[in-house]
Enquirer: 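Here it is, the structure in full.
Since we're looking at a predicted model, the values are computed, not measured. Naming convention: chains lettered A, B, ... in sequence-line order (proteins, then strands); numbering from 1 in each chain.
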Amino acid sequence: MTTPSKAARVRFAPSPTGFFHVGGARTALYDYLLAKKTGGAFIIRIEDTDQKRYNPKAVSNLLEGLRYLGLDWDEGPEVGGDYGPYYQTQRLEIYQKYIQELLAKDRVYRCFCTPERLAQVNQERQKAKLGPGYDRACRNIPPDQSARRAEAGEPFVIRLKVPLEGSMTLHDIIKGDVTIENQMVQDAVLMKSNGIPTYHFAVVVDDHLMEITHIIRGDEWVSSFPIHLHLYNYLGWEPPAFVHMSVILNPSGKGKMSKRETRAPDGRVYPVFLHTFKEMGYLPDALFNYLALVGWSYDDKTEIMTREELIERFSLERISSSPAAFNYEKLDHFNGLYIRNLTVEDLTDRLMPYLEAAGLKADRETMLKITPAIQERLTVLSDAIAWVDFLFVDELPAYDLNLLVPKKMSLADMPGILQNARAILAGADFSHDALDTALREGAKAVGLKAGQMFQPIRVAVCGKKVAPPLFDTLEVLGRETVLKRIDSALERLEAGA
RNA sequence: GCCGCAUUCGUCUAGGGGCCCAGGACGCCGCCCUCUCAAGGCGGUAACACGGGUUCGAAUCCCGUAUGCGGCACCA
């Protein structure tokens, strides 16, 4: 099996039960890459057959996530297509038709067992250390009797008649041949008592009808592939190619990636939902690039790749069969690289929404001036808030005066230094280079190291020790504000507060 | 319990019998640069899970063990 050169039809088929998770995003990304590489179609199909877990917000969250990542789909919700509907609950008659066909062929059977009996059977099997399972009690009910009971209104599900002997082999593109004995396979429920199909049935019918060529899905499905393959056989259909991917692990490499976002002891949030990546300010291109590398590699050196290169170079064969941990540090590194590659205008435009969301009255003109100074300091776009907030307040929030004090100096030295600095700044030309010269010479004149003078100024003006480079900051702030803030610091020092 | 899958530096990976006393990247450590913080440059630390085979030769093939993960729902 090799990656085909002919157009592939690949679907991403999520169940709308919660927020769009990065694990799903990676699967969708590979779907997308394969579709684009082969000039085929990337399809979204909503597998909403579980009414109990259905979450009405899930679909829009999913679609927004896909758009954020730039995974535009050719067929599916909102865009339509020739193979719809793309919501399984809108395809119930279709499943009904094929389940009847299987019933007629005697490849499936009605099961009248109650949930209570099923639970009891499971319990007994557990006791016998057999693991859960169904005892096939209804498998041999004669067809006429079965039909009569159904007509009488007795509730039933429809199960697959899995052969009692033999085995099934799957030719997986990543894993190679995997064989499972039919004995190990349950008579899976295909149709629930409410007339809605289960995943196992709907997926086979839809993939065939939608002419899907490659099923890329998670590892958790390999043990149920016999069910699907039997179904293809019974229906007389040609199965598509299967690609089972390993799960994504937690950063530690132990345990699979958590389904929920958690806060680390240091307060940092490790995003797992696409909307959180977006809120934090991960660039779509950076996430796209990084995600492609979680479980796939191009060669022994190349990591930074554009979307076009990724599409060009992607191949199913190079997807790793072992699980991969999600490395946030590396993602951050990628994001930093991508941010630094942006033009100042582009970066600024991307920054504005984050500043607004943080409640800052930032204007684009000012940002255009400061962006170059913070560009190389950003890991994610939302970091900008802490870098520029002092530019957009009338008055600085009270900061700890001890922050003013450089190493080897004391609070008592501050008034003198600040007064001196104020005098220099009052007469200086407020441009980067002129400030540089004036301040350095001023420090030298009074026997101070540049840093010893810069820190008090920085803190007085920014209210924090870590801020953009001083001269850029002063220039953007302007003389008036700078002097005002220094005066304010001096007043507070005098007051001893 | 049974079945399946996986196992190279802390992490992502290259490697498909000799090119590997194992290459790249993130992280980490050190140095340089430096007004804070970054960015950047240079250098460094660190791995073939274990035990048997096969072979002249194994990270690469086979078997077993261990560990991890997944599955065994009227959930997907």
Enquirer: Does the structure show a Watson-Crick or G-U wobble partner for B/rC56, both distances under 3.5 Å? Name it, or say none.
Expert: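 Pair assignment: B/rC56 / B/rG18.
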Enquirer: Calculate the interatomic distance between A/Tyr290 atom OH and B/rC26 atom P; express it in whole Å.
Expert: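 It is 13 Å, rounded to the nearest whole Å.
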Enquirer: Describe the nucleic acid contact of A/Val157 in one word from base, sugar-phosphate, nothing, applying a heavy-atom distance below 4.0 Å.
Expert: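 Base contact.
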Enquirer: Is a side-chain donor or acceptor of A/Ser15 paired with a backbone partner of A/Thr17 at a separation under 3.5 angstrom?
Expert: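 Side chain of A/Ser15 to backbone of A/Thr17: no pair is present.
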Enquirer: How is A/Pro155 classified with respect to the nucleic acid when contacts are heavy atoms under 4.0 Å: base, sugar-phosphate, or nothing?
Expert: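 Nothing, no heavy atom under 4.0 Å.
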Enquirer: Under 3.5 Å between N/O atoms: give me all the protein pairs with nucleotides 14-24 of chain B, atom names plus distance.
Expert:
residue	atom	partner	partner atom	Å
B/rA14	OP1	A/Ser297	OG	3.2
B/rG15	OP1	A/Arg318	NH1	3.1
B/rG23	N2	A/Asp300	O	3.3
B/rG24	N2	A/Glu303	OE2	3.3

Enquirer: Applying a 4.0 Å non-hydrogen cut-off, can you work out what A/Ala450 is touching in the nucleic acid: base, sugar-phosphate, or nothing?
Expert: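 A/Ala450: no heavy atom of the nucleic acid under 4.0 Å.
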Enquirer: Taking pairing as Watson-Crick or G-U wobble with both contacts under 3.5 Å, can you name the mate of B/rC72, or confirm there isn't one?
Expert: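 When the pairing criteria are applied, B/rG1 turns out to be the nucleotide that pairs with B/rC72.
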Enquirer: With a 4.5 Å limit on heavy-atom distance, are the side chains of A/Gln186 and A/Val162 in contact?
Expert: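 No, every pair of side-chain atoms sits at 4.5 Å or beyond.
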Enquirer: For a quick check of understanding: with a heavy-atom distance under 4.0 Å over all strands, which category does A/Ser252 fall into, base, sugar-phosphate or nothing?
Expert: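 Contact class for A/Ser252: sugar-phosphate only.
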Enquirer: Consider the side chain of A/Leu337, meaning its heavy atoms from C-beta on, and name the nucleotide among B/rC75, B/rG27, B/rG40 that approaches it most closely.
Expert: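 Among B/rC75, B/rG27, B/rG40, the one nearest the side chain of A/Leu337 is B/rG40.
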Enquirer: Checking A/Trp387 now: which residues fulfil ring-ring contact (aromatic ring centres under 6.0 Å, His included) with it, not counting sequence neighbours?
Expert: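 A/Trp387: no ring-ring contact (aromatic ring centres under 6.0 Å, His included) contacts found.
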Enquirer: Look at all strands and tell whether A/Pro14 reaches a base, only sugar-phosphate, or nothing, counting heavy atoms closer than 4.0 Å.
Expert: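 The residue A/Pro14 makes no contact with any strand.
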Enquirer: Does B/rU67 have a Watson-Crick or wobble mate here (both distances under 3.5 Å), and if so which one?
Expert: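 Partner of B/rU67: B/rA6.
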Enquirer: How is A/Lys52 classified with respect to the nucleic acid when contacts are heavy atoms under 4.0 Å: base, sugar-phosphate, or nothing?
Expert: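 Contact class for A/Lys52: sugar-phosphate only.
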Enquirer: A/Asp383 side chain to A/Thr379 main-chain N or O, any donor-acceptor pair under 3.5 Å?
Expert: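 Checking the backbone N and O of A/Thr379 against the side chain of A/Asp383, a donor-acceptor pair under 3.5 Å is found.
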Enquirer: Strictly by Watson-Crick or wobble contacts shorter than 3.5 Å, is anything paired with B/rG43, and which nucleotide is it?
Expert: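 B/rC29 - that is the nucleotide pairing with B/rG43, both distances being under 3.5 Å.
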Enquirer: Please report the distance, rounded to the nearest Å, between CZ in A/Arg26 and C1' in B/rC12.
Expert: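 It works out to 11 Å between those atoms.
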Enquirer: Can you check the A/Ile174 CD1 to B/rG4 C1' distance for me, whole Å?
Expert: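 The distance from CD1 of A/Ile174 to C1' of B/rG4 comes to 15 Å, rounded to the nearest Å.
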Enquirer: For the side chain of A/Tyr290 and the backbone of A/Asn327, is there at least one donor-acceptor N/O pair under 3.5 Å apart?
Expert: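 Answer holds: yes.
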Enquirer: Within the 4.0 Å heavy-atom criterion, would you say A/Lys175 contacts the bases, only the backbone, or no part of the nucleic acid?
Expert: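 Sugar-phosphate, no base atom in range.
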Enquirer: Between B/rU8 and B/rG4, how many Å separate the two C1' atoms, rounded to a whole number?
Expert: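 Per the computed distance, 23 Å lies between those C1' atoms.
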Enquirer: Output the rounded distance in Å from NZ (A/Lys449) to C1' (B/rU36).
Expert: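 Nearest whole value for this atom pair: 15 Å.
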Enquirer: Checking A/Asp299 side chain against A/Thr302 main chain: does a donor-acceptor pair fall under 3.5 Å?
Expert: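 Yes; judged by distance alone, with no hydrogens or angles, the pair exists.
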Enquirer: Hey, which sits more toward the 5' end of RNA chain B by its nearest nucleotide, A/Ser193 or A/Gly253?
Expert: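 Result of the comparison: A/Gly253.
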Enquirer: Any side-chain N or O of A/Arg340 below 4.0 angstrom from OP1/OP2 of B/rG40?
Expert: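 Checking A/Arg340 against B/rG40: at least one side-chain N or O falls below 4.0 Å of OP1 or OP2.
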Enquirer: Between A/Tyr328 and A/Leu470, name the one whose nearest nucleotide on RNA chain B is closer to the 5' end.
Expert: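 Upstream on the strand: A/Tyr328.
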Enquirer: With a 4.0 Å cut-off on heavy atoms, is A/Asn327 in touch with a base, just the backbone sugar-phosphate, or nothing at all?
Expert: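 If one applies the 4.0 Å heavy-atom cut-off, A/Asn327 turns out to touch a base.
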Enquirer: What are the atom names and distances for every N/O pair under 3.5 Å that joins the protein to nucleotides 69-73 of chain B?
Expert:
residue	atom	partner	partner atom	Å
B/rG70	OP1	A/Lys256	NZ	3.4
B/rG71	O4'	A/Ser223	OG	3.2
B/rG71	O2'	A/Ser223	OG	2.9
B/rC72	O2'	A/Pro132	O	3.2
B/rC72	O2'	A/Gln186	NE2	2.9
B/rA73	OP2	A/Gly133	N	3.1

Enquirer: Does the structure place the NZ or CZ of A/Arg149 under 6.0 Å from the centre of the six-membered ring of A/Phe112, at an angle of no more than 45° from the ring's axis?
Expert: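 Yes, cation above the ring, under 6.0 Å and within 45°.
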Enquirer: Under 3.5 Å, side chain of A/Tyr30 to main-chain N/O of A/Ala292, donor-acceptor pair present?
Expert: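 Yes, because the side chain of A/Tyr30 sits within donor-acceptor range (under 3.5 Å) of the backbone of A/Ala292.
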Enquirer: Within the distance-only criterion (no hydrogens, no angle test), does the side chain of A/His21 pair as donor or acceptor with the backbone N or O of A/Ser258 below 3.5 angstrom?
Expert: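 Pair found, side chain donor or acceptor close to backbone of A/Ser258.
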Enquirer: Determine yes or no for a side-chain-to-main-chain donor-acceptor pair under 3.5 angstrom, with A/Arg318 supplying the side chain and A/Tyr298 the backbone.
Expert: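 Such a contact is found between A/Arg318 side chain and A/Tyr298 backbone.
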Enquirer: For A/Ser246, report the nucleic acid contact type (base, sugar-phosphate, nothing); a contact means any heavy atom under 4.0 Å.
Expert: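 Nothing: the residue A/Ser246, judged by heavy atoms under 4.0 Å, touches no strand.
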Enquirer: Mind calculating the distance between CG (A/Leu347) and C1' (B/rA39) to the nearest angstrom?
Expert: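 Those two atoms, CG and C1', are 14 Å apart.
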Enquirer: So A/Gly295, base contact, sugar-phosphate only, or nothing? Heavy-atom distance under 4.0 Å.
Expert: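 The residue A/Gly295 makes sugar-phosphate contact but no base contact.
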Enquirer: B/rG71 and B/rA76: how far apart are their P atoms, nearest whole angstrom?
Expert: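 Here B/rG71 and B/rA76 have their P atoms 14 Å from each other.
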Enquirer: Starting at CG of A/Asn289 and ending at C1' of B/rC26, how long is that distance when rounded to a whole Å?
Expert: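 Distance, rounded to whole Å: 13 Å.
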Enquirer: Rounded to whole angstrom units, what separation is found between the CD atom of A/Gln88 and the C1' atom of B/rC75?
Expert: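 Atom CD in A/Gln88 sits about 13 Å away from atom C1' in B/rC75.
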Enquirer: Expressed in angstrom and rounded to an integer, what is the separation of A/Phe334 atom CZ from B/rU13 atom P?
Expert: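 Interatomic distance, CZ of A/Phe334 to P of B/rU13: 12 Å.
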